[in-house]
Every structure is written in structure tokens, then in C-alpha cells.
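Predicted, not measured: the structure shown is a model, and the values here were computed from it. In what follows, every heavy atom counts, from backbone to side chain, and hydrogens, waters and symmetry copies are set aside. Numbering of ligands and ligand atoms starts at 1, following listing order.
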Amino acid sequence: AAKAAGGQLVEYTPELDERAEAAERLGADLRHSLDDGDFQVHYQPIVDLRDGRTVAVEALVRWTHPVRGPVSPAAFIPIAEDNGLICELGEWIMRTSCRQLATWRETTGDRAPRYISVNVSPRQLSEPGFPDVVMSILAETGISPSDLLIEVTETAIFGGGTATEAVETLHRSGIRIALDDFGTGHSSLGLLRTVPVDVIKVDKSFVDEITEPGRRAVIVDALIHVCRGLDLRAVAEGVETAEQADYLRDLGYQYAQGYHFGRPAPDPITAEVARASAA
Ligand code: C2E
Ligand code: CA
Ligand code: CA
Ligand code: CA
């Protein structure tokens, strides 16, 4: 038997061996790609539902494998987590994103996003010195702590330890914290009181319910009340239709993100400003 990612014991099979080998190969390729610059950061707009304006962007890493072409982050982030490369890659993502925000401020002035949202994985969070790395990137790029939102998952900060301490340190420095994929992990609402959280990202699976026949949007409705009660901001994720956007706004959601507003792209801000001035 071997240990699977979830921690439970699974039967040993040859396929498991092959999968481990494939992951190892991909891990080695990640190493080369870090040196060769095969990564890019794309940015997805986070909009204000009241006027449709982009208030922020979420940074999402992209990898173009030299042979296979684009590989999904859902496939390679877990491998980078396992072999530790996520720390170096994550630092590069953070620096690239902060630089991009500084560039937008120079080139687009007040059309620049107010803040940038960056995903940070559990392994990065528990790396000693991670908060110092973030602070030095901010200093180097001239971005203030309040212009950075760090997205962490419930499981990353569940149960205390170094990761939870890092979140507390970052928050004390003025960086804001978002709980990503909220409601899909194993933690309870109590976590919202013990960890310094500013924003909740309401998972796409709950937003999908809005347009599923026969379902009511019970969870999105409940979550906006929780956020109001605890003075947290809510961002609805994975909004794909105008119907979902209208429904969320009627429930009291102010912020949303999804293909309906814009897919992740290399520079959605410059594109938006160009469209606006052409109109
Ligand atoms: P996530 O943080 O929950 O990111 C949201 C994912 O949903 C992104 O997928 C985004 O492209 C996708 N998405 C956004 N709007 C819609 C929509 O309307 N419909 C659908 N179907 N999908 C939508 P992506 O970029 O493939 O990333 C997948 C996951 O990989 C992320 O989930 C995150 O957990 C991880 N990831 C991506 N970039 C980074 C990164 O820079 N650092 C770390 N640590 N993890 C990352
Ligand atoms: Ca995220
Ligand atoms: Ca998410
Ligand atoms: Ca997700």
C-alpha cells in the first residue's frame, strides 16, 4: 500500500507507479522551465457588480511546457507543492504580479486595479521567512501592503502551525487575507473568527446552483449573511452568465469574478483602457 495525496492508504498498483513517474518527470521539467522562463502570469478581473468596473485582478500562473504545450495549474501546482519548487515559483509569481500592478499604475493611472490577489499554497505559507520575502517584494516594487490580497485555502490554515502564524504576521503587516474556495474544505465557520480573514471567495460550485433547475441558491444566500455579520467582503467566483450576476447582485453581493466578466488574460487592464478610449 502507498500513501495517496489525501493521506488515506490505497492499494499499490502499477498505474500508481506510472503516475508517480510521470509526476517526477513533470517535476523535473518544472525545474528547467523555471530557469528557461516558460511561465507567465495571467490576470482575471474581479468586478464591482454595481457598475461592472474592474476593481482588482487575480493572478493565475500559466505554464507552457516546451514539448506538451500548456499544462493546467491544477495538474502542476500539486507537483510543485510536493517537490518544493512552489516556493521559488510562488516567489516569482508574487514579484511578477506586484511589478505588473506597479506598471499598470504608471501606464493607466486611476484605471489600474486597486489591488492584486495572489494565490499562495500551503507549502509556501509554512516556509520559514515567507512573510519577509513578501515584504521585500513589496518594498522592491513600491506596492503597499494594503494593495495585496493573499488567497489561502481553508486546509492550509486549518489547525494552527507555521502556516497560521504566517497568515497572522502578514495580516499584521497590513496585507489582506482571502479564504479561497470557501465552503469546499473541512473547516467550520468558526475558523472565520480565529484566523484574520478579510475576504471570502465563494466557490464556483455554489454559484453554479443559482442556475441549476430545481435548486435554490441556498448557500450563496447564507454566505452573504455570514459575511455581513462578520464584516467580511465576499467575492463570488466562477460567474458565467448574466443571470447569475444579476441574482448575486440582488442578494447583496458586491464583487464577482468569472468568464462572464473576463477570462484570465496576459493584460486585461490595458485592453480595457484601450477599448474605453476607442469608444
Ligand atoms: P482558484 O484559485 O480557485 O482559481 C480559479 C480558477 O477558476 C482558475 O483556474 C480560473 O481560470 C478559473 N475560472 C475563473 N472563472 C471561471 C469561470 O467562470 N468558469 C470556470 N469554469 N472557471 C473559471 P486555473 O487558472 O486553471 O487555476 C486552477 C487552480 O490552480 C486555482 O484555483 C489555484 O488553486 C491553482 N493556481 C492557479 N494559479 C496559481 C498560482 O499562481 N499559485 C498557486 N499557489 N496556485 C495557483
Ligand atoms: Ca484563487
Ligand atoms: Ca477559488
Ligand atoms: Ca479552485
Looking only at non-hydrogen atoms, which of Met94, Arg123, Glu240, Lys201 approaches atom 20 (C) of ligand 1 most closely? Glu240

Heavy atom of Gly238 under 4.0 Å from ligand 1? yes

Heavy-atom distances under 4.0 Å are what count here, so tell me which part of Ile93 touches ligand 1: side chain, backbone, both or neither. side chain

Can His32 and Asp38 be counted as having a side-chain donor-acceptor contact under 3.5 angstrom? no

Would you say Glu151 has any N or O atom under 3.5 Å from an N or O of ligand 1, going by distance alone? no

Would you check if there is a donor-acceptor pair between the side chains of Thr270 and Asp267 at a distance under 3.5 Å? yes

Does any N or O in the side chain of Glu154 come within less than 3.5 Å of the main-chain N or O of Gly183, such that one atom is a donor and the other an acceptor? yes

Could you tell me whether Asp180 and ligand 1 have an N or O pair separated by under 3.5 Å? yes

Leu192 and Ile200: CA distance, side-chain angles, deciding distance, side chain to side chain contact (heavy atoms under 4.5 Å, CB included) verdict: CA-CA 9 Å; Leu192 296 176; Ile200 278 183; 3.7 Å; yes

Taking the non-hydrogen atoms of Glu237, is any one of them nearer than 4.0 angstrom to ligand 1? yes

Out of His42, Lys204, Arg62, indicate the one that has the non-hydrogen atom closest to atom 25 (O) of ligand 1. Arg62

Using 30° and 60° as the class boundaries, would you call the ring planes of Tyr43 and Trp104 parallel, tilted or perpendicular? perpendicular

Has the side chain of Asp147 got a donor or acceptor atom that lies under 3.5 Å from a matching backbone atom of Ile116? no

What N/O/S atom of Asp180 is the closest to the Ca ion (ligand 2)? OD2

So for Glu58, does at least one of its heavy atoms come nearer than 4.0 angstrom to any atom of ligand 1? yes

Is Arg172 salt-bridged to Glu168, going by a charged N under 4.0 Å from an acidic O? no

Counting backbone and side-chain atoms alike, is an N, O or S atom of Ser117 positioned under 3.0 Å from the Ca ion (ligand 2)? no

As a test of reading the structure, name the N/O/S atom of Glu151 that is nearest the Ca ion (ligand 2). OE1

Can you measure from OG1 (Thr241) to NE2 (His260) and round to the nearest 0.5 angstrom? 7.0 Å

Glu237, Glu240, Glu209 screened by salt bridge (Lys or Arg N to Asp or Glu O under 4.0 Å) with Lys204, the one that passes: Glu240

Applying a 4.0 Å heavy-atom criterion (strictly less than), which segment of Gln44 is in contact with ligand 1: side chain, backbone, both, or neither? side chain

Lys/Arg-Asp/Glu bridge criterion (N-O < 4.0 Å) met for Arg31, Glu88: yes

Backbone or side chain, does Asp181 get an N/O/S atom under 3.0 Å to the Ca ion (ligand 2)? no

Under 4.0 Å between a side-chain nitrogen and a carboxylate oxygen: does that hold for Arg114 and Asp48? no

Return a yes/no value for Asn119: is any of its N or O atoms, backbone included, closer than 3.5 angstrom to an N or O of ligand 1? yes

Backbone or side-chain N or O of Tyr259 under 3.5 Å from ligand 1 N or O: yes

What atoms of ligand 1 come within less than 4.0 Å of a heavy atom belonging to Asp181? 3 (O)

Just checking: Glu58, one of its N/O/S atoms, less than 3.0 Å away from the Ca ion (ligand 2), yes or no? yes

Using a 3.5 Å cut-off on N or O atoms only, is Pro264 in polar contact with ligand 1? no

Contact (N/O only, under 3.5 Å) between Gln124 and ligand 1: no

Numbered atoms of ligand 1 (with element) below 4.0 Å of Ser121, judged on heavy atoms: 44 (N)

Distance-only donor-acceptor check, side chains Glu81 and Ser121, under 3.5 Å: yes

